[in-house]
Amino acid sequence: STWTIQYLVQIATNHYAAKDEEMATSKTQNLIEVKTALCAKYRHLATLTKSSTQRKKFASRAERYRRQVDQLQHVTN
């Protein structure tokens, strides 16, 4: 009886640990997709604006998101 309860607790613990890992992976994937889209957005805005100050600002934001995506991809691999 005690062995059965311990076994069931172990199974439940393993199940929830796997589920947490899966959720973390999907959250990370979502972050990568969102930050990639933001990078593309700011790159595009940098090409549209005529102001050199705005161009620099948008380019640096795009670069920041690109670095964050690289970092997230490095963590997941």
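For clarity, every value in this text was computed on a predicted model and none was experimentally measured.
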Distance (rounded to the nearest 0.5 Å) between Leu31 CG and Gln71 CD:
11.5 Å
Should Phe58 and Thr49 count as side-chain neighbours, where that means a heavy-atom distance under 4.5 Å?
yes
Roughly how far apart are Cys39 SG and His44 NE2, rounded to 0.5 Å?
13.5 Å
Rounded to the nearest 0.5 Å, how far does NZ of Lys35 lie from CZ of Arg64?
9.5 Å
Do Lys41 and Arg61 make a side-chain contact, defined as non-hydrogen atoms from C-beta onward lying under 4.5 Å apart?
no
Heavy atoms of Arg55 and Ala46 approach each other most closely as CG-O, 2.8 Å
Heavy-atom pair of closest approach, residues Ile32 and Val69
O-CG2, 3.9 Å
Does CD belonging to Glu63 count more than 12 external heavy atoms closer than 6.0 Å?
yes
Sequence neighbours excluded, which residues qualify as side-chain hydrogen bond (donor to acceptor under 3.5 Å, both in side chains) partners of Gln54?
Lys57
With Glu33, which residues qualify under side-chain hydrogen bond (donor to acceptor under 3.5 Å, both in side chains), at least two apart?
none
How many angstroms lie between atom CG of Leu72 and atom CD of Gln68, to the nearest 0.5 angstrom?
7.5 Å
